[in-house]
Each structure stands twice: as C-alpha cells, then as structure tokens.
Amino acid sequence: MVFDFFGVKKKVVIAMAHIGALPGSPAYDVAGGLNKLVDDALSDVEKLQAGGVDAIMFGNENDRPYVFQAPPEGLAAMTSIVERVKPHLTVPFGVNYLWDPSASVAIGAVTGASFVREIFTGVFASDMGIWQPDCAKAARLRRSLGRDDMKMLFNINAEFAHSLDQRPIELRAKSAVFSSLADAILVSGPLTGQAVDQSDLRRVCETVKDVPVFANTGVNKDNVRDILSVASGVIIGTHFKVDGNTWNPVDRDRVKRFMETVETLR
C-alpha cells in the first residue's frame, strides 16, 4: 500500500489533468474564459478515469512562463476549476500550482485534495532564475489549515533547472525526508515529458525506505516495466496525450493501453 487512499494497490499511476492557461497568463483564452477551462479539464478527466488511472493531479502546466509566486487571479481560478470538476471525480486527486509550494498547499487544502506536488526543498538555477522554495512555510500552512492528512510529494530534481546542491541525488532525497518531512519523493527528468535517469531513480529507491518513491516525468508504455520494478508509482502527463504531445488533449486509447500494461505488473 502506497497511501491509505490507494487502498491495497502497491504500484500506482497518477495522471495529470493539465488545466489550460489561467487568467493572467500570456496564453489565457479570454474569449473562452473559465467555462472553457472547466470543459477541457472535464473532458481530460473523463478519458483518464475511463482508462483506469488510480488518481488525477490538476496542474497549471500551460501557465508559461512559470512563476515562483501564484498571482491572485491564477490562485482563485485554479481553485474554482478544481471545485467545479471535483463532483465528477471517481478517484483520489491532487494539485500542483507551478512553482509555488504554498499555493499548491492552499488549493489542495481547501478543495479536499489527497496530495500536492511541488519543489519544496533545494536551490536551483532555472529558466525562471534562482529558485529557492520555502518548504517550512508550506508545511506550516498545511498544519494551520488542518490538513495534516494531505500528503506532500517532494519533486527533488526540478524540470527546467539544475540543482546547485552538489550532494548526490539519493542523499538529497534522504535528507528531504529526514529534515523536511517529505511524504513521498519524486524523481524527474530534465524537462516535462522527458524520462528520468533510471540510475538516479534506482539509487533513490535503494536509499529512501520510509516513504514512497515515484518517477515524475517521461514514463511511457515502453519503460514503465523497468520503472515500476523499483518505484512505488509513476506520474504521467505527456504519454497520455494525443500523439504524446504535452499540450494536446488526453487520448483515451493511449491511457487504456498503458493501464493494461500496468495491470500485468501489479
């Protein structure tokens, strides 16, 4: 069992529902407004659930270029969208507001999410500049909002960035659990949709024993067998999209084929 809300499942698949660009973002569709964002999210959620995924995570991947602090309009819009889609969910859900740990916790807490994902620890040189998240602030916010049950999934090697911490990745992972109370560790590739370094993933899995370890990017039908041989689960966005393109809608058949493969592994 990975987390209580997954029941007896030992290898789990969390699928991304990529919300369209939110208000305030350069790509926001003013004409379509929030209603279009909700309709598109509902369409993706329906396909993901029909394909058999174990959980869904809402993310604002379309809010490029990304920010370190969520603007009020983005925070309000994402909260509203998740609330409007929530009645249609039949699986546990999580949220991730890129790249703001406190915003992710806030949205997750008020919408009833089972988990949140973010970069909570470390220092990075990134496309967005120097990246230094405040894990303590996010953890204290979770506590003050009364959501100790909501799991915090720590992505420890950020996409679009390079860690300025020279410790081996497995030591950074172990440290995040010890010093920052990570509920799970996520290992990523260099960009959205690009595969994790499996040697990194294996070293983290061999070192971190107290919490689940997930592959966070680039998982597909061809590599999932090797990844789930060591990891507790995977988080998938790009592979489930039409033509495997991150920015396309979800392809129900791709989801179904992938989950059929996963079922042979658990």
Side-chain angles (χ1 to χ4, degrees), residues 2-6 12-25 34 37-38 40-45 48-49 53-64 66-120 133-135 137-155 158-159 182-186 188 192 212 214 216-217 233-237 240 246 250:
V2 181
F3 293 127
D4 288 346
F5 49 82
F6 285 124
V12 299
V13 176
I14 299 174
M16 293 302 304
H18 291 152
I19 298 170
L22 298 171
S25 298
L34 286 185
L37 294 177
V38 171
D40 289 347
L42 279 171
S43 176
D44 280 354
V45 163
L48 292 169
Q49 292 186 149
V53 302
D54 301 313
I56 287 173
M57 178 155 53
F58 296 97
N60 63 324
E61 267 79 359
N62 286 281
D63 278 352
R64 297 171 290 169
Y66 302 118
V67 298
F68 293 139
Q69 184 172 355
E73 62 272 30
L75 187 61
M78 187 163 173
T79 303
S80 175
I81 293 163
V82 173
E83 282 288 354
R84 290 171 64 180
V85 175
K86 180 180 172 181
H88 301 270
L89 293 173
T90 58
V91 296
F93 77 95
V95 299
N96 180 197
Y97 195 108
L98 304 172
W99 293 97
D100 187 335
S102 291
S104 298
V105 168
I107 296 170
V110 301
T111 59
S114 296
F115 58 93
V116 295
R117 174 187 70 177
E118 246 313 323
I119 301 294
F120 287 105
D134 190 339
C135 181
K137 180 180 178 182
R140 283 159 173 76
L141 178 62
R142 177 178 66 167
R143 178 71 170 180
S144 69
L145 291 173
R147 286 302 315 276
D148 288 345
D149 61 305
M150 184 175 69
K151 304 301 183 182
M152 292 170 59
L153 281 52
F154 283 45
N155 185 2
E159 303 101 293
D183 294 311
I185 295 294
L186 313 183
S188 302
T192 296
F214 291 76
N216 190 53
T217 65
V234 297
I235 298 175
I236 306 184
F240 285 163
T246 303
V250 168

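Since the structure is predicted, the reported quantities are computational estimates derived from the model, not experimental observations. Residue numbers start at 1 and run along the sequence shown.
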On a heavy-atom basis, which atom in [X] and which in [Y] lie closest, and how many Å separate them?
X	Y	result
Ala15	Leu48	CB-CD2, 3.7 Å
Gln49	Leu89	OE1-CA, 3.3 Å
Phe93	Thr111	CZ-O, 3.3 Å
Asn155	Ile119	O-CD1, 3.0 Å
Asn60	Tyr66	O-CE2, 4.0 Å
Met78	Tyr97	SD-CD1, 3.6 Å

Point to revise | Exam field: side chain Arg147 to backbone Ala113, donor-acceptor pair closer than 3.5 Å | key: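 It does hold such a pair.
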Rounded distance (nearest 0.5 Å) linking atom [atom1] of [X] with atom [atom2] of [Y]:
X	Y	atom1	atom2	answer
Ile81	Leu34	CD1	CG	5.5 Å
Ser188	Ile235	OG	CD1	8.0 Å
Phe58	Asn96	CZ	CG	12.5 Å
Asp148	Arg142	CG	CZ	6.0 Å
Met16	Glu61	CE	CD	4.0 Å
Ser25	Asn62	OG	CG	8.5 Å

Review point. Where does the angle between the aromatic ring planes of Phe115 and Phe5 fall among parallel (under 30°), tilted (30 to 60°) and perpendicular (over 60°)?
Key: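 Rings of Phe115 and Phe5: parallel, as their planes differ by under 30°.
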Review point. What class does the angle between the rings of Phe214 and Phe3 fall in, given that below 30° is parallel, 30 to 60° is tilted and above 60° is perpendicular?
Key: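 Plane angle under 30°, so parallel.
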Point to revise | Test log, rule side chain to side chain contact (heavy atoms under 4.5 Å, CB included), inputs Leu98 and Glu118 | key: CA-CA 7 Å; Leu98 304 172; Glu118 246 313 323; 4.0 Å; yes
Practice item. Evaluate the criterion side chain to side chain contact (heavy atoms under 4.5 Å, CB included) for residue pair Glu73 and Leu22; output intermediate values, then yes/no. Key: CA-CA 8 Å; Glu73 62 272 30; Leu22 298 171; over 6 Å; no
Report yes if some heavy atom in the side chain of [X] is under 4.5 Å from a heavy atom in the side chain of [Y]; otherwise report no.
X	Y	answer
Val67	Asp100	no
Asn216	Arg117	yes
Met150	Val105	yes

Review point. With Phe240, which of Thr246, Asp44, Val13 fulfils side chain to side chain contact (heavy atoms under 4.5 Å, CB included)?
Key: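 One option only clears the test, and that one is Val13.
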Review point. Hey, mind stepping through Val85 and Val38 against side chain to side chain contact (heavy atoms under 4.5 Å, CB included) and telling me if it holds?
Key: CA-CA 7 Å; Val85 175; Val38 171; 4.3 Å; yes
Practice item. Taking atom CD of Gln69 as the centre, report whether more than 12 heavy atoms of other residues, nucleotides or ligands fall under 6.0 Å from it. Key: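 No, CD of Gln69 has 12 or fewer neighbouring heavy atoms, counting only those of other groups under 6.0 Å.
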Practice item. Please check if atom NZ in Lys86 has more than 12 non-hydrogen atoms from other residues, nucleotides or ligands closer than 6.0 Å. Key: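 It does: Lys86 NZ has more than 12 such atoms within range.
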Point to revise | Partners meeting salt bridge (charged side-chain N to carboxylate O under 4.0 Å, His left out) with Arg140 (sequence neighbours left out) | key: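 For Arg140, no residue satisfies salt bridge (charged side-chain N to carboxylate O under 4.0 Å, His left out) once neighbours in sequence are set aside.
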